[in-house]
A.B. asks: 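Dropping the structure in here first, questions after.
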Amino acid sequence: MAKQAPFRSNWWLVWMWLVAGFGCQQQAPPVTVPARFVASSQPGWQRRDGRLWLADSLFSGWQYALHATDDTAFVGAYHEGREEGLHRHWFANGQLKEARHYQNGWQEGEQQGWYESGKQAFSYAFRQDVYHGLVRDWYASGRPAREGHYHEGHEAGFQRVWFADGSVKANYEARNGRNYGFTGVKHCVNVRDSIAILY
């Protein structure tokens, strides 16, 4: 019986390269926000160059706001003046109004909002502070208002927009910077502009 040749394959090299490559990616270290809670009504808050300051220093900690009933209206964390982690807003009736996620001052991941009735108002996917993924809006009635797909802040894929009565306002596909389909835009041209008037 013939002796089999030993298995000679470079797959194990490829596998090791992939493991080493993914393992060496630099991940930002988790940010620790100090347990410092300061009311938004305290004097000295300022916004400068997109960062939050308290008195003369960049704020690190938790800012909060209260409704007149002393129920929480807002709570959000900051690290060196930049938004960090989950920021939430509430209506006076206690219903959650918004839940937004931040990383190093940029919106990151799913951002959601609700109407005072509790019905969803929006759901946005973000990456590095721009739309990236599915973006949806609803009317207060619960009917959809908009549904779109984005890639790095630009429309990419199917986009749909509805009127409040549910009828279609726009239905198109965005591809390579161009729109194909019913965009809901009327290109108004005055016929007189295209005719040479002879006297």
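This is a predicted model, so every value here is computed, not measured.
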A.B. asks: Measure the shortest side-chain to side-chain distance between Phe122 and Glu98 over non-hydrogen atoms and say whether it is less than 4.5 angstrom.
C.D. replies: yes

A.B. asks: Once ring pair (Phe, Tyr, Trp, His ring centres under 6.0 Å) is applied, do any residues pair with His149, and if so which ones, sequence neighbours excluded?
C.D. replies: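 Here no residue qualifies.
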
A.B. asks: Hey, could you give me the CG/CD distance between Asn104 and Gln128, rounded to the nearest 0.5 Å?
C.D. replies: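 Reported value, rounded in 0.5 Å steps: 10.0 Å.
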
A.B. asks: If you take all heavy atoms of Tyr124 and Asp137, which pair is closest and at what distance?
C.D. replies: OH-OD1, 2.5 Å

A.B. asks: Tell me the closest heavy-atom pair linking Ser40 and Trp45, and the distance in Å.
C.D. replies: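 Taking every non-hydrogen atom into account, O-CD1, 3.3 Å.
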
A.B. asks: More than 12 heavy atoms of other residues, nucleotides or ligands under 6.0 Å from CZ of Arg178: yes or no?
C.D. replies: no

A.B. asks: Is it true that Tyr102 and Phe126 fall in one hydrophobic cluster, defined by side-chain heavy atoms closer than 4.5 Å?
C.D. replies: no

A.B. asks: How long is the straight-line distance from CD of Gln46 back to CG of Leu58, given to the nearest 0.5 Å?
C.D. replies: 11.0 Å

A.B. asks: Measuring only between side-chain heavy atoms, which start at C-beta, is Leu52 closer than 4.5 Å to Gln63?
C.D. replies: yes

A.B. asks: Which distance, rounded to the nearest 0.5 Å, do you find between the NZ of Lys169 and the CH2 of Trp162?
C.D. replies: 12.5 Å

A.B. asks: Looking only at non-hydrogen atoms, find the nearest pair between Arg48 and Ala55 and report the distance.
C.D. replies: NH2-O, 3.8 Å

A.B. asks: Among residues at least two apart in sequence or on other chains, which ones pass side-chain hydrogen bond (donor to acceptor under 3.5 Å, both in side chains) with Ser123?
C.D. replies: Glu110

A.B. asks: Taking only Lys NZ, Arg NE, NH1 and NH2, and the carboxylate oxygens of Asp or Glu, determine whether Glu83 and Arg88 approach each other closer than 4.0 Å.
C.D. replies: no

A.B. asks: Ignoring hydrogens, what is the shortest heavy-atom contact between Gln159 and Tyr150? Give both atom names and the distance.
C.D. replies: OE1-CE1, 4.1 Å

A.B. asks: Run the numbers on Glu147 and Val135 for side chain to side chain contact (heavy atoms under 4.5 Å, CB included), then give the verdict.
C.D. replies: CA-CA 6 Å; Glu147 182 177 289; Val135 172; over 6 Å; no

A.B. asks: Is it the case that more than 12 heavy atoms not belonging to Trp106 sit under 6.0 Å from its CH2 atom?
C.D. replies: no

A.B. asks: Between Trp90 (side chain only) and His67 (backbone N and O only), is there a donor and an acceptor less than 3.5 Å apart?
C.D. replies: no

A.B. asks: Decide if atom CG of Asp165 counts as having more than 12 heavy atoms of other residues, nucleotides or ligands within a radius under 6.0 Å.
C.D. replies: yes

A.B. asks: Does Tyr115 reach the main-chain N or O of Trp138 with its side chain, forming a donor-acceptor pair under 3.5 Å?
C.D. replies: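 Yes: the side chain of Tyr115 pairs with the backbone of Trp138.
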
A.B. asks: Would you check if the side chain of Lys97 reaches a backbone N or O of Gly113 as a donor-acceptor pair within less than 3.5 Å?
C.D. replies: no

A.B. asks: Could you pull out the closest heavy-atom pair between Arg136 and Leu134, with the gap in Å?
C.D. replies: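 Closest heavy-atom pair between Arg136 and Leu134: NE-CD2, 3.8 Å.
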
A.B. asks: According to side-chain hydrogen bond (donor to acceptor under 3.5 Å, both in side chains), who are the partners of Gln107, at least two apart in sequence or on a separate chain?
C.D. replies: Arg100

A.B. asks: If I take atom CG from residue Leu86 and atom CD from residue Gln111, how far apart are they, to the nearest 0.5 angstrom?
C.D. replies: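 If we round to the nearest 0.5 Å, Leu86:CG and Gln111:CD are 9.0 Å apart.
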
A.B. asks: Should Phe59 and Val38 count as side-chain neighbours, where that means a heavy-atom distance under 4.5 Å?
C.D. replies: yes

A.B. asks: In chain order, what residues pass the ring pair (Phe, Tyr, Trp, His ring centres under 6.0 Å) check against Trp114, with sequence neighbours excluded?
C.D. replies: none

A.B. asks: State whether the side chain of His87 and the backbone N or O of Ala77 hold a donor-acceptor pair below 3.5 Å, judged by distance alone.
C.D. replies: yes

A.B. asks: Determine the minimum heavy-atom distance between Val75 and Trp62, stating which atoms define it.
C.D. replies: CG2-CE3, 4.0 Å

A.B. asks: Under 6.0 Å from the ring centre and within 45 degrees of the ring axis: does the NZ or CZ of Arg175 meet both conditions for the six-membered ring of Tyr180?
C.D. replies: yes

A.B. asks: Indicate yes or no for a side-chain donor-acceptor contact from Asp49 to the backbone of Arg51 under 3.5 Å, with no hydrogens or angles considered.
C.D. replies: no

A.B. asks: The criterion is ring pair (Phe, Tyr, Trp, His ring centres under 6.0 Å); which residues satisfy it with His151, sequence neighbours excluded?
C.D. replies: His132

A.B. asks: Evaluate Arg36 against Leu54 for side chain to side chain contact (heavy atoms under 4.5 Å, CB included), listing each step before the verdict.
C.D. replies: CA-CA 12 Å; Arg36 175 184 179 201; Leu54 181 57; 3.5 Å; yes

A.B. asks: Look up atom CD in Gln103 and atom CG in Asp129, then write down how far apart they are to the nearest 0.5 Å.
C.D. replies: 11.5 Å

A.B. asks: Heavy atoms, side chains only, cut-off 4.5 Å: are Phe163 and Val168 in contact?
C.D. replies: no

A.B. asks: Measure centre to centre between the rings of Phe37 and Tyr64, then say whether the value is under 6.0 Å.
C.D. replies: no

A.B. asks: Taking only residues two or more places apart in sequence or in another chain, which ones pass ring pair (Phe, Tyr, Trp, His ring centres under 6.0 Å) with Tyr172?
C.D. replies: none

A.B. asks: Report yes if the side chains of Glu108 and Arg127 come closer than 4.5 Å at any heavy-atom pair, otherwise no.
C.D. replies: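 Touching, per the 4.5 Å side-chain cut-off.
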
